[in-house]
There are 2 protein chains.
Amino acid sequence: MVSKKQEEILNYINKTINTKGYSPTVREICEAVGLKSTSTVQYHLKKLINLGYLNKSDNISRSITSRTVNTQFGIPILGEISAGQPLLAEENYIGELPYFGKKINTELIALKINGDSMIDAGLYNDDLVVIDKSIIPSDGDIGAFLIHNTEATVKYVGTIADKRYLIPANKNYSNIEVDENITQIGKVVSLFRDM
Amino acid sequence: MVSKKQEEILNYINKTINTKGYSPTVREICEAVGLKSTSTVQYHLKKLINLGYLNKSDNISRSITSRTVNTQFGIPILGEISAGQPLLAEENYIGELPYFGKKINTELIALKINGDSMIDAGLYNDDLVVIDKSIIPSDGDIGAFLIHNTEATVKYVGTIADKRYLIPANKNYSNIEVDENITQIGKVVSLFRDM
DNA sequence: CATTTATTAGAACATTTGTGCTAATATTAT
DNA sequence: ATAATATTAGCACAAATGTTCTAATAAATG
């Protein structure tokens, strides 16, 4: 799908944005990847944009932005989940976690840990956990779940006697059997704590 | 030091970089902040650059980068501290933590937690803690210290009977009295964990 | 082999954009 | 008030830059 030349162009754009802080011009790309015509670069740029790797504003210099380089973006932080609302509805949204990484192929949301049910796993009250919705948590992973479509919770996932459970990391809490009231959100991939 | 107009310009630049992903042109700034001459903007830009708020490449369009907007930069991750070497020497450097925030007035380094001496504070083995060298940890804070100039450690700071101690968050470890062998690095300001 | 499709080049054009210079007008300090 | 400093405007120029059109060449396909 992406030709050798296009990959080269992509890499050069990413490198430039990373090191200089702004995107290269068509002519700079031209020279960097060994092409002799700006229109050839335009040709490749158009392709890369269509494939979703790049963005660009018309007639605006150095306006290429990359979705494959580590870039800043905000992960929506969800607070109280409102019943019936889709997860990312306004009602649930309490802020944005400034994040830094690749954008393509990830569906990230953040939840603020509420309570101490996972304290023995080092997840503290008010910690922010980042959840990748595109990863299904396996046994032993920490996953995020929606209970009765109204309450989000973060727990270990495990199988006991052929049944799946949400397992807290705190002896004061009990395992929760996974049934039709529990919807899976995704896997907890990282943790952020401000002190 | 920074005039009203300059602050307005700074904010507009930051906003533009954040929302569009690239910096505005002199003329765009001109219009946005209600000035009628591009040279006036140049005048203010020069000041903001001299004050360290902005960077810019000569004769290159949209090349303004901001040091006051949340931007990407790498925090050096220090591993084993080599005796005698300055903290940030090559020898100690094991990588970079991609970070996202304001650059001005911060001196950040990252340490990888080694061991479980702070486990009851939720700092786990292999967690990365970010340390702000410009903040002196107070009692109750978690600070980073250098012991005998060769080993970095992260502990609570506390005063017991008028003496200062480094206090682990794990009953299997003992307090360490602060003496001339212990150098202060800074305050632990945030924590990252990848799962 | 004939026919698409992908890639490249060249050149010309219209804007966009940074810069420099001069002068006018506020604002502040002496 | 007078002088120094800060801020603004206007204009013109040169360079940087995105775009478009046509045509040539290479690669892939049936």
Side-chain angles (χ1 to χ4, degrees), chain A residues 1-69 71, chain B residues 1-69 71:
Chain A
M1 214 50 150
V2 185
S3 77
K4 204 80 188 160
K5 207 45 134 183
Q6 279 151 25
E7 202 179 311
E8 205 182 337
I9 289 175
L10 200 52
N11 286 336
Y12 173 67
I13 291 172
N14 288 342
K15 194 190 92 186
T16 305
I17 293 177
N18 267 335
T19 56
K20 303 201 173 176
Y22 46 86
S23 104
T25 64
V26 175
R27 280 172 181 78
E28 286 168 356
I29 297 170
C30 210
E31 181 162 7
V33 303
L35 286 172
K36 291 180 185 158
S37 174
T38 54
S39 72
T40 307
V41 175
Q42 300 266 19
Y43 164 82
H44 288 301
L45 284 182
K46 207 166 285 181
K47 294 221 156 182
L48 287 166
I49 291 167
N50 284 335
L51 290 168
Y53 290 97
L54 297 177
N55 275 103
K56 191 182 145 312
S57 310
D58 284 351
N59 298 310
I60 291 184
S61 68
R62 298 179 186 276
S63 65
I64 301 170
T65 55
S66 173
R67 294 165 56 84
T68 56
V69 76
T71 43
Chain B
M1 211 54 149
V2 184
S3 76
K4 203 78 189 163
K5 206 46 135 184
Q6 280 152 25
E7 201 179 311
E8 202 182 338
I9 289 176
L10 198 54
N11 287 336
Y12 173 67
I13 291 172
N14 288 343
K15 193 190 92 186
T16 305
I17 293 177
N18 268 334
T19 56
K20 302 201 172 175
Y22 47 85
S23 102
T25 64
V26 175
R27 281 172 180 79
E28 286 168 357
I29 297 169
C30 210
E31 180 162 8
V33 303
L35 286 172
K36 289 179 187 162
S37 174
T38 55
S39 71
T40 307
V41 175
Q42 299 265 21
Y43 165 81
H44 287 302
L45 284 182
K46 207 166 284 181
K47 294 220 155 183
L48 287 167
I49 290 168
N50 284 335
L51 290 169
Y53 289 98
L54 297 178
N55 274 104
K56 193 182 143 314
S57 311
D58 283 351
N59 298 311
I60 292 185
S61 68
R62 298 181 185 277
S63 65
I64 300 169
T65 55
S66 173
R67 294 165 55 84
T68 56
V69 77
T71 42

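In the text below, chain A, chain B and the rest are named by the order of the sequence lines, each starting its count at 1. Just so it is clear, the values below take in all heavy atoms, side chains as well, and ignore hydrogens, waters and symmetry mates.
- Here C:dT16 presents its C1' atom at 14 Å from CD1 of B:Ile29, a figure rounded to the nearest Å.
- Atom P of nucleotide D:dA16 and atom CG of B:Asp58 are separated by 12 Å, given to the nearest angstrom.
- At the heavy-atom level, A:Thr40 lies under 4.0 Å from base atoms of the strands shown.
- To the nearest angstrom, C1' of C:dA14 lies 16 Å from CD1 of A:Ile60.
- Note on B:Ser3: only backbone sugar-phosphate atoms sit closer than 4.0 angstrom, heavy atoms only; bases stay farther off.
- The interatomic distance linking A:Lys4 (NZ) with C:dA6 (C1') rounds to 17 Å, in whole Å.
- In this structure, CZ of B:Arg27 is placed 11 Å from P of C:dT19, rounded to the nearest angstrom.
- Side-chain nitrogen and oxygen atoms of A:Ser61 include none within less than 4.0 Å of the OP1 or OP2 phosphate oxygen of C:dT16.
- With respect to the salt-bridge test (charged N to carboxylate O, under 4.0 angstrom), the residues A:Lys4 and A:Glu7 do not qualify.
- Side chains of A:Glu28 and A:Thr25 form a contact here, defined as non-hydrogen atoms less than 4.5 Å apart.
- Rounding to whole angstrom units, NE2 of residue A:His44 and P of D:dG18 are separated by 17 Å.
- A:Lys47 comes within 4.0 angstrom of the backbone, heavy atoms only, and of no base.
- A:Leu51 and A:Val2 make their closest contact through CD1-CG2, 4.0 Å (heavy atoms, listed as atom of the first residue, atom of the second, distance).
- Between A:Lys56 and D:dT19 there is a side-chain polar atom (N or O) within less than 4.0 angstrom of OP1 or OP2.
- Contact check, B:Arg62 against C:dT17: a side-chain N or O comes under 4.0 Å of OP1 or OP2.
- When the side-chain nitrogen and oxygen atoms of B:Ser39 are compared with OP1 and OP2 of D:dA9, none of them lie within a distance under 4.0 Å.
- In terms of phosphate contacts, B:Gln6 brings a side-chain nitrogen or oxygen within less than 4.0 Å of OP1 or OP2 of D:dT7.
- When side chains are defined from C-beta on, B:Ile60 counts as touching A:Tyr22, because their heavy atoms get closer than 4.5 Å.
- Rounded to an integer number of Å, the gap from A:Gln42 CD to D:dC21 P is 12 Å.
- Of the residues near DNA chain D, B:Lys5 and B:Thr38, the one whose nearest nucleotide (by heavy atom distance) lies more toward the 5' end is B:Lys5.
- Counting to the nearest Å, the C1' atom of C:dT27 and the OH atom of B:Tyr43 are 11 Å from each other.
- Proximity of a side-chain donor or acceptor of B:Arg62 to a complementary backbone N or O of B:Ser23 within less than 3.5 Å is detected.
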